[in-house]
Amino acid sequence: MSEPCAKRAPDGGARRRPGEERRRDECERILRIYGDNYEQLSTMLDRQFQMMHARASVLLGICGVLITTTSILQLFMIPRPARLEQAALLLGGGMALLAATIIVVGVLHIRWITDQRGDDVPAWLLSNLIYRDRKTHAYRVGTATMVVSMLLYELSVVSALLSATHDVRLPL
């Protein structure tokens, strides 16, 4: 008997890549728990996507604050030309915009779970797990990009504050 969640190579043999093994195992575990019950599987997947979209919405809100901060800091905190502060600030704003784009395009993009490929329930489940994992990867990349943006903002503010006070010396 063939494995229900194994992808088939053109020659009919099961092909496995190292990254797919975890997903295949998860697919088989889910099928052992829920069987071929489409309604329960659909509900379980829907909950996972809802949680991911809720978290992505929070990140998108933070990105919005960071993008707004770029304008405010450019107007008030760094009125004089200071290369490091301005470069870090502009890069931080660009990274926040990039993070927002990754989140909107990669995570919040909607494709209905009922529209996923699959000739049977196991194949349909596996295609949904692949779709979920792609969204999860985009979420992680967007989060990392947002963190880099925050670090660049901090560098900009710290650099501006240190250059504004001449008698502050860092211990060496």
Side-chain angles (χ1 to χ4, degrees), residues 1-71 88-156:
M1 183 173 167
S2 68
E3 299 173 22
C5 295
K7 281 197 161 191
R8 293 275 170 210
D11 65 357
R15 68 172 184 188
R16 291 186 194 160
R17 286 188 250 165
E20 293 178 355
E21 182 112 9
R22 179 201 53 81
R23 190 180 305 120
R24 183 186 55 79
D25 291 344
E26 180 184 10
C27 181
E28 290 173 0
R29 185 176 55 252
I30 291 169
L31 288 172
R32 278 194 306 272
I33 295 169
Y34 294 105
D36 282 354
N37 188 325
Y38 177 82
E39 186 176 338
Q40 286 182 339
L41 290 169
S42 180
T43 300
M44 183 251 338
L45 288 168
D46 186 52
R47 287 182 183 148
Q48 290 182 1
F49 285 118
Q50 284 179 13
M51 181 177 57
M52 187 182 317
H53 289 168
R55 289 181 178 190
S57 295
V58 170
L59 287 180
L60 195 57
I62 293 170
C63 288
V65 169
L66 293 173
I67 292 167
T68 303
T69 303
T70 301
S71 300
L89 185 61
L90 291 174
L91 282 173
M95 292 297 282
L97 190 57
L98 178 61
T101 303
I102 291 168
I103 292 165
V104 168
V105 173
V107 181
L108 296 178
H109 170 78
I110 295 175
R111 182 172 173 198
W112 305 110
I113 60 176
T114 54
D115 190 35
Q116 295 293 337
R117 294 180 184 183
D119 296 332
D120 55 10
V121 172
W124 171 81
L125 175 61
L126 184 61
S127 70
N128 272 291
L129 293 177
I130 292 168
Y131 180 59
R132 181 208 58 196
D133 289 350
R134 276 196 308 255
K135 283 181 171 269
T136 302
H137 177 73
Y139 175 82
R140 289 178 180 150
V141 170
T143 300
T145 306
M146 186 189 68
V147 168
V148 170
S149 172
M150 292 172 143
L151 292 172
L152 287 166
Y153 279 119
E154 289 300 316
L155 173 65
S156 175

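Quick note: numbers below take in every heavy atom, side chains included, and nothing from hydrogens, waters or symmetry partners.
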- Does the side chain of Ile62 come within less than 4.5 Å of Met150's, by heavy atoms? yes

- Item | Between CD on residue Glu28 and CG on residue Leu125, distance to nearest 0.5 Å | 10.5 Å

- Message: Could you measure the distance from the SG atom of Cys27 to the CG atom of Leu129? Nearest 0.5 Å is fine.
- Response: 5.5 Å

- Are Asp36 and Leu41 side-chain neighbours, meaning at least one heavy-atom pair lies under 4.5 Å? no

- Note on the structure: Rounding to 0.5 Å, atoms OG (Ser57) and CG (Leu108) come to a distance of 5.0 Å

- Can you tell me if CG on Asp115 sees more than 12 non-hydrogen neighbours from other groups inside 6.0 Å? yes

- Message: If you define the side chain from C-beta out and look only at heavy atoms, does anything of Thr114 sit under 4.5 Å from Tyr38?
- Response: yes

- Query: Is there a donor-acceptor contact under 3.5 Å from the side chain of Ser149 to the main chain of Gly92?
  - Reply: yes

- Query: Taking C-beta and beyond as the side chain, do Trp124 and Ser42 meet within less than 4.5 Å on heavy atoms?
  - Reply: yes

- Message: Less than 4.0 angstrom from a charged side-chain N to a carboxylate O is my criterion; do Glu26 and Arg23 meet it?
- Response: no

- From CA spacing to verdict: side chain to side chain contact (heavy atoms under 4.5 Å, CB included), Leu89, Leu152: CA-CA 6 Å; Leu89 185 61; Leu152 287 166; over 6 Å; no

- Side chain Tyr131, main chain Arg111, donor-acceptor under 3.5 Å: yes

- Got Met44 and Ile30 here, is their nearest side-chain heavy-atom distance under 4.5 Å? yes

Report, one line per pair, each donor and acceptor closer than 3.5 Å where one atom sits in a side chain of residues 47-56; sequence neighbours left out.
unit_1	atom_1	unit_2	atom_2	d
Gln48	OE1	Arg132	NH1	3.0
Gln50	NE2	Asp46	OD2	2.8
His53	NE2	Val107	O	3.1
His53	NE2	Lys135	NZ	3.2

- Item | Gap separating the CE atom of Met95 from the CG atom of Leu91, nearest 0.5 angstrom | 8.0 Å

- Message: For a 4.5 angstrom cut-off between non-hydrogen side-chain atoms, does Leu45 reach Gln116?
- Response: no

- Message: What's the separation between atom CG in Leu126 and atom CD in Glu20, rounded to the nearest 0.5 Å?
- Response: 8.0 Å

- So which heavy atom on Gly118 is nearest to which on Ala123, and how close? CA-CB, 3.8 Å

- Message: Considering only residues two or more places apart or on different chains, which pairs with a residue in residues 138-147 satisfy side-chain hydrogen bond (donor to acceptor under 3.5 Å, both in side chains)?
- Response: none

- Which pair of heavy atoms, one from Ile103 and one from Gly142, lies closest together, and at what distance? CG1-CA, 4.3 Å

- Message: Within this structure, what is the OG1-CG distance for the pair Thr43 and Asn37, rounded to the nearest 0.5 Å?
- Response: 8.5 Å

